[in-house]
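In listed order, ligands and their atoms are each counted from 1.
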Amino acid sequence: MSQSLSFFISTSLRTSPAFTPVSKPSISFLTGTFRLPVKVKTSGLRTPATPEILITKACSTSPFDPEIASAPASASEQVLVSNNGFGGVLSGASRVQGSNGGVVSADTSSIEVDAVTEAELKENGFRSTRRTKLICTIGPATCGSEQLEALAVGGMNVARINMCHGTREWHRRVIERVRRLNEEKGYAVAIMMDTEGSEIHMGDLGGASSAKAEDGEVWTFSVRAFDSPLPEHTINVNYEGFAEDVKVGDELLVDGGMVRFEVIEKIGPDVKCRCTDPGLLLPRANLTFWRHGSLVRERNAMLPTVSSKDWLDIDFGIAEGVDFIAISFVKSAEVLTHLKSYIKARARDSDIAVIAKIESVDSLRNLEEIILASDGAMVARGDLGAQIPLEQVPSEQQKIVQLCRQLNKPVIVASQLLESMIEYPTPTRAEVADVSEAVRQRADALMLSGESAMGQYPEKALTVLRNVSLRIERWWREEKHHEAMELPDIASSFADSISEEICNSAAKMANNLEVDALFVYTKNGHMASLLSRCRPDCPIFAFTTTTSVRRRLNLQWGLIPFRLSFSDDMESNLNKTFSLLKARGMIKSGDLVIAVSDMLQSIQVMNVP
Ligand SMILES: Nc1ncnc2c1ncn2[C@@H]1O[C@H](COP(=O)(O)OP(=O)(O)OP(=O)(O)O)[C@@H](O)[C@H]1O
Ligand SMILES: CC(=O)C(=O)O
Ligand SMILES: [K+]
Ligand SMILES: [Mg+2]
């Protein structure tokens with residue numbers, strides 16, 4: 001059973017002596033009576049014993065900063081939905097006094113935000129901050145401190161290290177450099193570790209960065225171990241059963257068809273293949289084999305998603321305190337559940353998010369359960385395009401992006417977004433269109449792979465992602481092109497239902513009132529992600545107490561994560577935040593803000609004093 005309650009909140013703005021008129025014309029909406037629909041799901045949940053919903057209103061904030069003590073206090077509307085059930089009791093105005101009397105010192109060092117966002121906010125204001133997050137794969141082209149810093153300045157929110165390549169020592173150094181830059185220069189780049197997974201792939205080309213396969217050449221694919229350099233035209237394959245599983249006449253696709261071979265002969269562990277589509281072979285490229293036009297999945301379908309090497313890499317990631325672990329070739333929800341409990345047991349106080357990479361036929365088959373069990377997903381189009389016909393990739397992408405948003409999980413669109421920029425300084429028009437489409441779908445994040453790992457123009461590629469994101473986001477906001485997505489109820493408890501309804505309502509109010517920013521005070525990040533899920537027009541300032549949650553929020557659409565120590569007293573939190581942000585020039589008097597929090601389930605609308 002689902003029950004709908006509507007509350008009429010008659011504002012006391014007209015009567016409050018503290019009310020300062022605001023310049024926004026749309027605020028006149030507030031001076032009347034307005035309706036805030038609060039839908040409370042009751043299915044399967046017992047209503048608590050003393051049902052009561054409190055809606056308090058019109059509490060004005062007190063002057064909190066000696067600097068502005070003489071300024072009129074702001075008008076603040078507060079809708080407070082208490083968590084003790086419902087019964088429609090609307091209480092009168094209640095005023096929350098800060099425990100410290102509302103006076104907070106302007107200690108600017110006690111709020112942390114990343115230096116790049118801060119500069120962007122100061123320069124361009126709230127409206128123009130980028131909502132789509134950007135991930136760069138770090139490789140030989142970008143592993144130095146200077147290159148990493150250039151990417152951080154260019155808007156990299158997350159650095160991805162791919163355990164398919166390089167040694168753990170190499171990756172450790174990259175992590176160290178990123179962490180040092182964060183500490184010394186005030187960036188907030190999170191780290192994502194991507195596992196190798198155990199699908200079939202080539203070896204590392206004996207140290208060569210690439211090898212060219214020409215039309216008609218015969219190459220040997222073998223499971224034998226070779227000394228480097230490899231014998232000419234020889235490729236090592238990681239999968240023991242390879243020679244047994246392939247048949248003469250099968251087609252062998254490297255990286256989903258970037259290079260093609262036909263199997264012509266099998267000699268023990270060696271498989272001779274003739275190149276039918278020439279191209280560049282890259283180290284550890286993925287291999288698939290096809291028979292009569294369909295993908296062959298023999299015993300390799302039984303390969304574990306997390307190989308023994310992956311477990312060692314995961315231990316490494318936990319020890320290094322990475323923020324995200326992306327699991328390659330996820331087949332079912334089970335592996336994610338298992339991994340999450342493993343991480344919980346090993347890394348007691350860190351909260352590493354587990355990202356499910358959707359890049360196989362099996363992952364599509366079990367999509368919903370996989371996404372539900374994950375902390376986010378990646379549309380890994382590289383390998384996905386090797387397992388399903390290419391023309392199906394765009395519709396699968398759209399489906400995955402939508403499902404993730406509905407289930408409130410961040411989603412990354414990855415691979416070949418700007419592939420030509422590995423070699424050229426400008427993207428193709430088609431690539432720009434592809435990036436635009438992912439932004440328009442409102443994916444949380446876009447990812448560079450080879451473009452930043454080993455391309456010639458990593459920073460330029462990042463600039464293209466940044467500029468296209470900004471332009472498309474603005475276009476969609478201005479034209480109000482975006483169709484409102486039906487967001488199903490996802491809460492699993494009554495308290496969660498309230499949080500969800502508050503966020504949905506706050507985001508809607510933010511759009512209707514054209515506020516400058518949404519503020520969310522959240523300990524574990526959940527309320528922030530619920531707001532992000534609504535994809536509101538304004539940016540979301542997410543205040544959280546721990547650095548790890550703050551870094552994790554970096555992956556989510558529209559969130560600007562801050563670290564701030566705050567109390568359960570919202571009035572004092574707001575005063576403190578206004579004071580700190582004003583001191584740093586990140587907000588100014590008169591800015592219109594809507595605030596929600598997961599301590600006090602409330603929606604407050606106010607002008608920055
Ligand atoms: N740490 C690294 N060391 C050396 N080369 C790297 C490294 N990381 C990435 N690369 C190069 O960049 C290319 C693209 O990187 P990417 O992470 O997309 O790998 P991939 O091999 O396509 O695998 P995946 O399917 O996991 O993305 C790789 O093929 C490799 O040549
Ligand atoms: C990113 C990745 O793993 C892929 O596209 O295959
Ligand atoms: K990988
Ligand atoms: Mg892949």
To check your reading of the model: name the closest protein heavy atom to [atom], its residue, and the distance in Å.
| atom | result |
| --- | --- |
| atom 18 (O) of ligand 1 | Ser449 CB, 3.0 Å |
| atom 2 (C) of ligand 1 | His165 CB, 3.3 Å |
| atom 27 (O) of ligand 1 | Arg160 NH2, 3.0 Å |
| atom 25 (O) of ligand 1 | Asp383 OD2, 2.9 Å |
| atom 16 (P) of ligand 1 | Asn162 ND2, 3.6 Å |
| atom 12 (O) of ligand 1 | Met454 CG, 3.2 Å |

| query | Does Glu196 have a heavy atom less than 4.0 Å from any atom of ligand 1? | reply |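 Contact absent.
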| query | Closer than 4.0 angstrom: is that true for some heavy atom of His201 and an atom of ligand 1? | reply |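 His201: no contact with ligand 1 (<4.0 Å).
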Quick check on contacts: which atoms of ligand 1 are under 4.0 angstrom from a heavy atom of [X]?
| X | result |
| --- | --- |
| Lys357 | 26 (O) |
| Thr137 | 17 (O) |
| Ala453 | 9 (C), 10 (N), 12 (O) |
| His171 | 1 (N) |

| Knowing that exactly one of Arg131, Arg552, Lys409, Arg535 qualifies, which makes a salt bridge (Lys or Arg N to Asp or Glu O under 4.0 Å) with Asp444? |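 Per the salt bridge (Lys or Arg N to Asp or Glu O under 4.0 Å) rule, the option paired with Asp444 is Arg535, out of Arg131, Arg552, Lys409, Arg535.
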| query | Would a distance-only check, ignoring hydrogens and angles, find a side-chain to backbone donor-acceptor pair under 3.5 Å from His171 to His165? | reply | yes
| Is Lys266 reaching over with its side chain to a backbone N or O of Val246, donor-acceptor style, under 3.5 angstrom? | yes
Sidechain N-carboxylate O distance under 4.0 Å for [X], [Y]:
| X | Y | result |
| --- | --- | --- |
| Arg260 | Asp277 | yes |
| Glu112 | Arg563 | yes |
| Glu176 | Arg173 | no |
| Glu169 | Arg172 | yes |

| query | What protein N/O/S atoms sit under 2.8 Å from the Mg ion (ligand 4), by chain and number? | reply |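 Checking every protein N, O and S atom gives Glu359 OE1, Asp383 OD2.
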| request: Mind checking the OG-CD spacing from Ser420 to Glu431? Nearest 0.5 Å is all I need. | output: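 The OG atom of Ser420 sits 3.5 Å away from the CD atom of Glu431.
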| request: Mind checking the CD-CG spacing from Glu334 to Leu339? Nearest 0.5 Å is all I need. | output: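 So the gap between those two atoms works out to 12.5 Å.
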| task | Please examine the side chains of Thr195 and Lys357, heavy atoms only from C-beta on, and report whether any two atoms are closer than 4.5 Å. | result |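 Lys357 does not reach Thr195 side chain to side chain.
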Pair [X], [Y]: side-chain N/O donor-acceptor within cut-off below 3.5 Å:
| X | Y | value |
| --- | --- | --- |
| Asp194 | Ser328 | yes |
| Arg381 | Gln397 | yes |
| Glu437 | Gln441 | yes |
| Arg284 | Asn162 | no |
| Ser529 | Asn408 | yes |

| query | Exactly which residues line ligand 2, taking a heavy atom under 4.0 Å from it as the test? | reply |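 Lining ligand 2 at under 4.0 Å, by heavy atoms, one finds Arg160, Lys357, Glu359, Met378, Ala380, Arg381, Gly382, Asp383, Ser415, Met447.
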| For atom 4 (C) of ligand 1, which of Gly450, Gly166, Ser452, Pro140 has the closest heavy atom? |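 Result: the heavy atom closest to atom 4 (C) of ligand 1 is in Pro140.
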| said: Can you tell me how the ring of Phe242 sits relative to the ring of Phe221, calling it parallel under 30°, perpendicular over 60° and tilted otherwise? | reply: tilted
| note | Going by the 4.0 angstrom heavy-atom rule, the piece of Glu451 near ligand 1 is neither
